Number of protein chains: 2
Amino acid sequence: MTDEGASGRRRASTGPTLADVAAHAGVSPATVSRVLADNYPVSRSARQRVQRSIRELNYSANTHARALAAGAGSKTMAFILADVRGQSFADAAHGVEQEAAQRGWLTLIGTTQGVPQRELALVQLMREQRAGAVILIGGVTDGADEYRQKMTELANSLHAAGSLLVLCGRPPLGDGVPAAVIEHDNENGAYALTSHLLSQGHRRILFLAGAERHSTSIERLAGHRRALTDFGVPDAPELVEHGEFTRASGYQLTRRRLTAGHDFTAVFAGTDVVAAGVYAAANEQGLSVPEDLSVVGYDDVELAQDLRPRLTTVHVPYEDLGRTAAQIAVADQHLQPGWTGDHRLFKTHVVIRSSVSRVR
Amino acid sequence: MTDEGASGRRRASTGPTLADVAAHAGVSPATVSRVLADNYPVSRSARQRVQRSIRELNYSANTHARALAAGAGSKTMAFILADVRGQSFADAAHGVEQEAAQRGWLTLIGTTQGVPQRELALVQLMREQRAGAVILIGGVTDGADEYRQKMTELANSLHAAGSLLVLCGRPPLGDGVPAAVIEHDNENGAYALTSHLLSQGHRRILFLAGAERHSTSIERLAGHRRALTDFGVPDAPELVEHGEFTRASGYQLTRRRLTAGHDFTAVFAGTDVVAAGVYAAANEQGLSVPEDLSVVGYDDVELAQDLRPRLTTVHVPYEDLGRTAAQIAVADQHLQPGWTGDHRLFKTHVVIRSSVSRVR
DNA sequence: AGCTGCATAGAAAACGTTAACTATGCTGCC
DNA sequence: GGCAGCATAGTTAACGTTTTCTATGCAGCT
């Protein structure tokens, strides 16, 4: 005696179906569907029998069938970043997830390790999943033009399918590309931060950038350079080092520069965690921050308050960025006929703590 | 002139379908499917025409239809945790995502804010999504028996559907429940850590626990108490405070205790970030660590090395935990007839740094 | 010449829902 | 008493794939 449901021969044992519930409750499938959706009058008695059957059979709807029949894109938001472990990205992820969950959306997450190709593949994958929106967070390493072109194509096809590409913390793809863009002002943030350093008398500042062609790096470096220029400090290319936005990278770069001869009075770390690495290297060389070396970071993650001395940095509202991205994604205004693209620019501000000293 | 595909009247503009591609290439839908799946001989010419049509129409398969027709549970792994922002969880998430992505699985993420009810709802939701596996990470606040019973039900129905519930960093649900369990030994870790404190002469140790009925709290506290007993130190209930595993909680609790009278020589912070809060409160009160107050944490996240003095803590291999969870999830051995459940216990070890001093 | 067997193709039946149509009693009204 | 109108219910055609199950050539063999 087999315990098969009413749906006859079946590939695998995938739990009871809506038809099983209908049979068990003695009603038609349509009625069960109606009880579930609650969008059509159903008599009290039928409703109760159906609900009882659902409970007894431990029925759970098949989202795939539902999505297919309903035709609508699923209420799933894809969130793509380089690495979950970064505190700033985690903050943004939290903002996205909160906002999404509140509206009954699910969040699909994917990581790229910063490889553009992998990013493209993921967006493509998310499109196949019929994600209602795809949020890309963090800078891009803008390699070949091919990348930009492919991403533009994806933005178009996503938009054509009623979905939306949201670029968060990175520059727009270009005019007329149907994507929402949410940026924070890296250039001005870095400008303000370097200005602070300059105002304290620093003239030789080591800049620890991320990857060579990474948009965030480029923008922060641009702000830094502009401040230098405005203060009449000559450009010194040897004071810019490229690495990664990790603690290890900050440590190694600083250590190398320090052992090679300490020819700078301050370090502009591309990121707070990079600054943590700078602290470690400085301490190791017997240098104390800020007396022997001033250090600033960027992002203002929680860590900035736990470093000793507390880190002077630029506050970036990552959680707000994420929240806003999710709001735009669910807002549906991108389905309007004349929509061309959203663009928001978040302001940042310098948070002065105690990692910078006045140069004598 | 409308630009409709071959699939006739259609609800929304959801891009071209497989049928459209077939029509465009002059073959049957079956052939297109075969080219895509590459599981059946197709002539060179047909294959090429199909591939060309796919490119020209910018076709992308509908995952929902695919999942429905194929009958198999989708290769999606659900990952449920309290909060993405916790460093330890982020590490675990990274392990899961890495492992999943490597095998072509997608990761769905959901956060519970530590509310058991929300956790149940999420698992249920993931079941509806036909997730191939559901990974729960972090301790449980084991409230009413109802929770445990419902989760058991979910484990059963997940397993019946060919899916799997993986409990990671939390105790098993009970015997015979078809779920995989991956734990790290909180009890022994805490025992070792408190033993270290005791060996340094500390006798009055403030224990900063998490939520009252949180499994992680309970286990770590149990290890702590056992060490106390083994050293013949009398139990002092007033030295246990319950809060949250956050920096803010560590700060507030310590501050309150410190201003009320400093009657302990060491603090066992339930978590490294809690320890960061302890440091902050101690500094604020003019106490220096470890001279005036010894502090230990738990988890050994990156932060532990950035605190000054560096934090003595217990190393937990979170990334490994996540990786292992994902491996078990994809392994499929849980589909074997006699399978009753997996159980792994990860070892931890104390990492001695400089936040503990010998009591005079 | 007639078969067997293989490579390739298409037709059609699932998969588990939703939603647009129909169908059937009833109630209430002229 | 006939009929409009409403509250319910059931039928059935999608939705976009995959996967049998059937064709159809065509080579190779006896």
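Naming: A, B, ... by sequence-line order, numbering from 1 per chain. Note that the structure is a prediction, hence the values are computed from the model and not measured.
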For a quick check, tell me whether the side chain of B:Arg34 and the base of C:dG10 share a donor-acceptor pair closer than 3.5 Å. yes
Table of protein N/O atoms under 3.5 Å from nucleotides 24-26 of chain D N/O atoms:
none

Check each residue of residues 37-59 of chain B for a non-hydrogen atom within less than 4.0 Å of any atom in DNA chain D, then write out the ones that pass by number, or none. B:Asn39, B:Tyr59
Can a side chain N or O of B:Thr31 be found less than 4.0 Å away from OP1 or OP2 on C:dG10? yes
Pairing pattern in dot-bracket form [Watson-Crick, G-U; both distances under 3.5 Å; | = partner strand] for DNA chain C: ||||||||||||||||||||||||||||||
Under 4.0 Å, counting only non-hydrogen atoms across every strand here, what does B:Ser33 touch: a base, just sugar-phosphate, or nothing? base
Can you pull the side-chain hydrogen bond (donor to acceptor under 3.5 Å, both in side chains) pairs that have at least one residue in residues 107-116 of chain B, sequence neighbours excluded? A:Glu97-B:Thr111
Salt bridge between B:Glu119 and B:Arg170, side-chain N to carboxylate O under 4.0 Å? yes
What residues form a salt bridge (charged side-chain N to carboxylate O under 4.0 Å, His left out) with A:Arg344, not counting sequence neighbours? none
Name all residues meeting the ring pair (Phe, Tyr, Trp, His ring centres under 6.0 Å) criterion together with A:His94; count only those two or more places apart in sequence or in a different chain, and write none if there are none. none
Between P of C:dT18 and CG of A:Leu18, the distance in whole Å: 6 Å
Would you say C:dG16 has OP1 or OP2 under 4.0 Å from some side-chain N or O of A:Thr17? no
Using the side-chain contact (heavy atoms from CB on, under 4.5 Å) criterion, which residues pair with B:Glu146? Sequence neighbours excluded. B:Ala144, B:Lys150
Can you name the side-chain contact (heavy atoms from CB on, under 4.5 Å) partners of A:Leu125, sequence neighbours left out? A:Leu122, A:Glu128, B:Leu106
Could I get the full list of side-chain contact (heavy atoms from CB on, under 4.5 Å) partners for B:Asp175, not counting sequence neighbours? none
Applying ring-ring contact (aromatic ring centres under 6.0 Å, His included), which residue pairs with at least one partner in residues 145-176 of chain B are found, sequence neighbours left out? B:His159-B:Trp339
Sequence neighbours excluded - salt bridge (Lys or Arg N to Asp or Glu O under 4.0 Å) pairs with any residue from residues 105-118 of chain B: none
Please list all pairs passing the salt bridge (Lys or Arg N to Asp or Glu O under 4.0 Å) test where one or both residues lie in residues 47-60 of chain A, with sequence neighbours left out. A:Asp38-A:Arg47, A:Arg52-A:Glu56
